[in-house]
*Asks:* 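I'd like to ask you about the structure that follows.
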Amino acid sequence: MPELPEVEVVRRGLVEELQGTRVLGWWLASFRNVGVDADLEYPGVEGWPVGEVARHGKRIRIELGDRAILHVHLGMSGRVAVTEARSPLQPHTHARLHLDDERELRYVDPRRFGHFRIRGASFDDLGSMGPDALGVEVERLAAGLRGHRLTMKAALLDQRVIAGIGNIYADEILFAAGLHPLQISNRLKDQEIELIAEAMQSILQRSIESGGSSIRDYVDTRGRSGSYQQSHCVYGRAHQSCVRCAEEIRQIAVAGRSTYYCPRCQPLRRRIARPLIRRNRSK
DNA sequence: AGAAGGACCTGCACGC
DNA sequence: TGCGTGCAGGTCCTTC
């Protein structure tokens, strides 16, 4: 399931693959998450030059000439690949961008949680998004976390607070920072926020260098899996021993998501609002 | 304002 | 073997 590191690996792959190409046209499936703005005409034989391939959080934006931007979100199971136009189509291929060198950019998404939309250059999809998690400054992270009264797990998953973190890295970051997932975001001490910021940078950076985490579906633009899942300390390790203290890793539901943590390395501080704990424990 | 649950969607693991 | 069921999760929406 692609989060920031996986999306960044995909972005870097696209930069390599799409350099110097032009988009001549497209084929788009008809379902709600795939489409093109009604007022954009087909590029035609001259094509649109592929420009900057940028990323914010889990979203990729690809400039197409000066009039359009391709917005891609991989959702749960989305993949993009640049392949020979003649190569056979994989099942669940929902979009194909025809390039000027006999290749295609293809978007495949079995679970259809992702998005693939060609929109006018002025369209802004980042409106309420928080800062990108990679390289975020401590002050901005602190402002985001203290601006909401959320459990830490919910805060890290909330793209308005910080963009790019999903279920896996939220758990890994909280473990590295020694914070319980039910800790309340606007009651953190400065030192705790610094620990989160440090853990976030080091984990995301290391994961990118490992090609991301491949849990089920994720592969990069050339179909290669990442290996960071081998470095996970808590995610998916319920009932196994903590790598740090050997205590049993626990699995609970927080913000509607499976959450893994070590009760000894991530103790719950008392200043938590009681109703929150009761509600979560009653599940 | 925030929590919770449902909807979207498919593949996979599991139990019978 | 084959079927039904539950689960996984990113995001948006509704309800409380």
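All of these numbers come straight from a predicted model, not from anything done at the bench. So that the names make sense, note that chain A is the first sequence line, chain B the second, and so on, each numbered from 1.
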*Asks:* Taking the nucleotide of DNA chain B with the closest heavy atom to each, which residue, A:G147 or A:R32, is nearer the 5' end?
*Replies:* A:G147
*Asks:* Tell me whether the OP1 or OP2 atom of C:dG10 has a side-chain N or O from A:H115 closer than 4.0 Å.
*Replies:* no
*Asks:* Protein-nucleotides 4-6 of chain C N/O pairs closer than 3.5 Å?
*Replies:*
none

*Asks:* Taking CZ from A:R112 and P from B:dC8, how many angstroms apart are they, rounded to a whole number?
*Replies:* 13 Å
*Asks:* Can A:R103 and A:E17 be counted as an ion pair, charged N to O under 4.0 angstrom?
*Replies:* yes
*Asks:* Please determine whether a side-chain nitrogen of the Lys or Arg among A:R237 and A:E248 lies less than 4.0 Å from a carboxylate oxygen of the Asp or Glu.
*Replies:* no
*Asks:* What's the closest nucleotide to the side chain of A:L150 if the choices are C:dA8, C:dT11, B:dA3?
*Replies:* B:dA3
*Asks:* Rounded to whole Å, how long is the line connecting atom CG of A:D109 with atom P of B:dC9?
*Replies:* 11 Å
*Asks:* Tell me whether A:R140 is salt-bridged to A:E137, with the criterion being a basic N under 4.0 Å from an acidic carboxylate O.
*Replies:* no
*Asks:* Roughly, in whole Å, what's the span from CG in A:L4 to P in C:dT11?
*Replies:* 11 Å
*Asks:* Verify the cluster assignment for A:L89 and A:Y107: are they in a single hydrophobic cluster under the rule of side-chain heavy atoms below 4.5 Å apart?
*Replies:* no
*Asks:* The criterion is salt bridge (charged side-chain N to carboxylate O under 4.0 Å, His left out); which residues satisfy it with A:R160, sequence neighbours excluded?
*Replies:* A:D158
*Asks:* When you check the phosphate oxygens OP1 and OP2 of C:dG9, does a side-chain N or O of A:Y235 lie under 4.0 Å from one of them?
*Replies:* yes
*Asks:* Report yes or no: is the cationic atom of A:R106 (NZ for Lys, CZ for Arg) closer than 6.0 Å to the six-membered ring centre of A:F116, at no more than 45° off its axis?
*Replies:* no
*Asks:* What is the separation between atom CZ on A:R187 and atom P on B:dA1, rounded to the nearest whole Å?
*Replies:* 18 Å
*Asks:* For A:R257 and A:H148, find the nucleotide of DNA chain B closest to each by heavy atoms; which residue's nucleotide sits nearer the 5' end?
*Replies:* A:H148
*Asks:* Atom CG of A:N33 to atom P of B:dT10: distance rounded to whole Å?
*Replies:* 11 Å
*Asks:* Looking at A:R117 and A:D37, is any side-chain nitrogen of the basic one under 4.0 Å from a carboxylate oxygen of the acidic one?
*Replies:* no
*Asks:* Would you say a side-chain N or O of A:Q159 is under 4.0 Å from OP1 or OP2 of C:dG10?
*Replies:* no
*Asks:* May I ask you to say whether A:D171 pairs ionically with A:R257, meaning some side-chain N is under 4.0 Å from a carboxylate O?
*Replies:* no
*Asks:* Provide, to the nearest angstrom, the distance between the CG atom belonging to A:L74 and the P atom belonging to B:dC8.
*Replies:* 22 Å
*Asks:* Is there a side-chain contact between A:R111 and the phosphate of B:dG11, meaning an N or O under 4.0 Å from OP1 or OP2?
*Replies:* no
*Asks:* In this structure, how many angstroms lie between the P atom of B:dG11 and the CE atom of A:M76, rounded?
*Replies:* 13 Å
*Asks:* Does A:S258 put a side-chain nitrogen or oxygen below 4.0 Å from OP1 or OP2 of C:dG9?
*Replies:* yes
*Asks:* Can you identify which nucleotide, out of B:dA3, C:dG10, B:dT10, has its nearest atom closest to the A:H73 side chain?
*Replies:* C:dG10
*Asks:* Compare the minimum distances between each of B:dT10, B:dC8, C:dA8 and the side chain of A:F113, then state the nucleotide with the smallest one.
*Replies:* B:dC8
*Asks:* How close or far is atom C1' of C:dC12 from atom CZ of A:R117, stated in whole angstroms?
*Replies:* 12 Å
*Asks:* Which part of the nucleic acid does A:R59 contact within heavy-atom distance under 4.0 Å: base, sugar-phosphate only, or nothing?
*Replies:* sugar-phosphate
